[in-house]
Amino acid sequence: MQAFVVAWVLFGLWFLHLGIGAAVFGLSVQLWPEYKCDQIPTPLGVSVFAGCAAMTNSFFGLANTCVDFLDLRVLMIFETLVSIFYLGTGVYLCVNLPHIASCTTTDETARYSRITNNITNGGCSYGGVTPIYPQATEFSSEDLTIKRCQIAQADYIFEFAGFLLGLWMVWLVHLHRNFGGNTTPDGDSTSEDGDDV
């Protein structure tokens with residue numbers, strides 16, 4: 001009975017983990033089209049990969065909770081790697097947004113910090129001593145860096161959330177095995193030595 005409850009909780013957490021992975025992937029990809037003449041910043045590319053890795057592992061976790069075709073120790077290993085990767089990409093993105101204290105502040109200092117940041121300015125800089133960033137504003141002079149900054153911040157917040165959830169998932173998978181090995185929500189639990197639990 002305990003293994004049955006843990007299996008359903010695990011199923012819900014895999015689903016939540018899938019949602020976080022999709023959010024990280026979507027937020028990172030949302031900034032890609034802005035870089036029409038410059039290379040996509042590495043932190044965004046790494047974040048997309050992290051989101052894909054998390055979604056892939058979540059799909060396997062959801063399927064395994066229902067069908068029981070993969071040893072949970074394998075999922076624990078992959079979930080640990082995904083969690084570490086989440087932490088690394090979140091820190092990497094933060095490091096590349098070091099001097100941006102606020103995404104919504106409109107004073108010249110804050111605006112200059114966003115315009116000169118390669119993640120929030122959209123790339124395509126021209127000029128020498130005083131570079132121009134045409135992707136940073138619209139023709140209506142609307143500051144586009146505010147939205148990009150908010151997207152980037154939401155991206156690394158989801159990555160840190162994915163890291164914390166991943167650690168919890170690893171603990172729960174370990175707990176799940178202690179309760180009764182590989183268990184499906186609609187099936188019986190079987191311990192590792194083959195006895196019924």
Side-chain angles (χ1 to χ4, degrees), residues 13-14 16-58 61 75-138 142-171:
L13 291 178
W14 279 124
L16 178 59
H17 203 267
L18 176 65
I20 292 177
V24 170
F25 176 83
L27 289 169
S28 301
V29 168
Q30 190 174 351
L31 295 172
W32 278 25
E34 308 295 339
Y35 296 86
K36 299 176 181 178
C37 53
D38 281 353
Q39 185 177 1
I40 296 170
T42 303
L44 297 181
V46 173
S47 292
V48 168
F49 183 80
C52 288
M55 286 191 292
T56 301
N57 198 49
S58 297
L75 287 176
M76 262 210 294
I77 293 172
F78 279 107
E79 188 57 38
T80 301
L81 294 175
V82 168
S83 299
I84 294 173
F85 199 57
Y86 260 147
L87 178 62
T89 53
V91 171
Y92 190 26
L93 194 55
C94 283
V95 168
N96 282 269
L97 293 169
H99 55 282
I100 298 179
S102 174
C103 288
T104 56
T105 304
T106 56
D107 62 80
E108 288 301 317
T109 301
R111 188 168 184 273
Y112 179 79
S113 66
R114 292 194 301 267
I115 288 178
T116 55
N117 187 279
N118 68 334
I119 293 177
T120 57
N121 62 21
C124 300
S125 61
Y126 301 98
V129 179
T130 307
I132 300 173
Y133 300 92
Q135 302 294 324
T137 58
E138 283 188 327
E142 179 186 357
D143 188 356
L144 299 178
T145 63
I146 294 177
K147 180 180 178 181
R148 293 194 191 113
C149 181
Q150 291 173 330
I151 292 174
Q153 285 189 339
D155 200 359
Y156 70 68
I157 288 173
F158 273 110
E159 287 171 346
F160 289 140
F163 165 70
L164 294 176
L165 180 61
L167 292 183
W168 191 21
M169 293 284 289
V170 170
W171 175 81

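Numbers here simply count residues along the sequence, with the first being 1.
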Practice prompt. Before giving the answer on side chain to side chain contact (heavy atoms under 4.5 Å, CB included), spell out for F163 and F85 the whole-Å C-alpha distance, their side-chain angles and the decisive distance to 0.1 Å.
Written response: CA-CA 8 Å; F163 165 70; F85 199 57; over 6 Å; no
Fill in: side chain to side chain contact (heavy atoms under 4.5 Å, CB included) assessment of F160 paired with C94
CA-CA 11 Å; F160 289 140; C94 283; 3.8 Å; yes
Discussion item. I'd like to know whether Y86 forms a side chain to side chain contact (heavy atoms under 4.5 Å, CB included) with I20, so could you lay out the CA-CA distance, the side-chain angles of the two residues, the decisive distance to 0.1 Å, and finally the verdict.
Written reply: CA-CA 11 Å; Y86 260 147; I20 292 177; 3.9 Å; yes
Item to complete: Give the intermediate values and the outcome of side chain to side chain contact (heavy atoms under 4.5 Å, CB included) for residues L97 and Y156.
Response: CA-CA 10 Å; L97 293 169; Y156 70 68; 4.1 Å; yes
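One N or O on the side chain of N117 and one on the backbone of N96 form a donor-acceptor pair closer than 3.5 Å. A distance-only check finds no donor-acceptor pair linking the side chain of S28 to the backbone of F25 [under 3.5 Å].
Using a 4.5 Å heavy-atom threshold, the side chains of M169 and L75 count as separate. Counting heavy atoms from C-beta on, the side chains of F78 and T56 never come closer than 4.5 Å. Between H17 and E79, some side-chain heavy-atom pair lies under the 4.5 Å cut-off. Side-chain contact between L165 and W168 is present, with at least one heavy-atom pair separated by less than 4.5 Å. Put simply, the side chain of T89 does not reach to within 4.5 Å of the side chain of P43, judged on heavy atoms.
Interatomic distance, OG1 of T105 versus CD1 of I146, reported as 8.5 Å (0.5 Å rounding). Distance check, rounded to the nearest 0.5 Å: CG of L31 to NZ of K147 gives 9.0 Å. Between atom CD1 of residue I119 and atom CD1 of residue I151 there is a gap of 12.0 Å, rounded to the nearest 0.5 Å. One finds the OG atom of S83 at 12.0 Å from the CE atom of M76 (value rounded to the nearest 0.5 Å). Separating the CG atom in N118 from the CG atom in L44 is a distance of 8.0 Å, to the nearest 0.5 Å. Taking CG of L27 as the reference point, atom CD of Q150 lies at 11.5 Å (rounded to 0.5 Å).
The two residues V82 and A53 come nearest to each other via the heavy atoms CG2-O, 4.0 Å. The two atoms that bring R114 and T145 nearest to each other are NE-OG1, 3.1 Å, heavy atoms only.
With hydrogens and angles left out, the side-chain atoms of R148 and T120 include no donor and acceptor closer than 3.5 Å.
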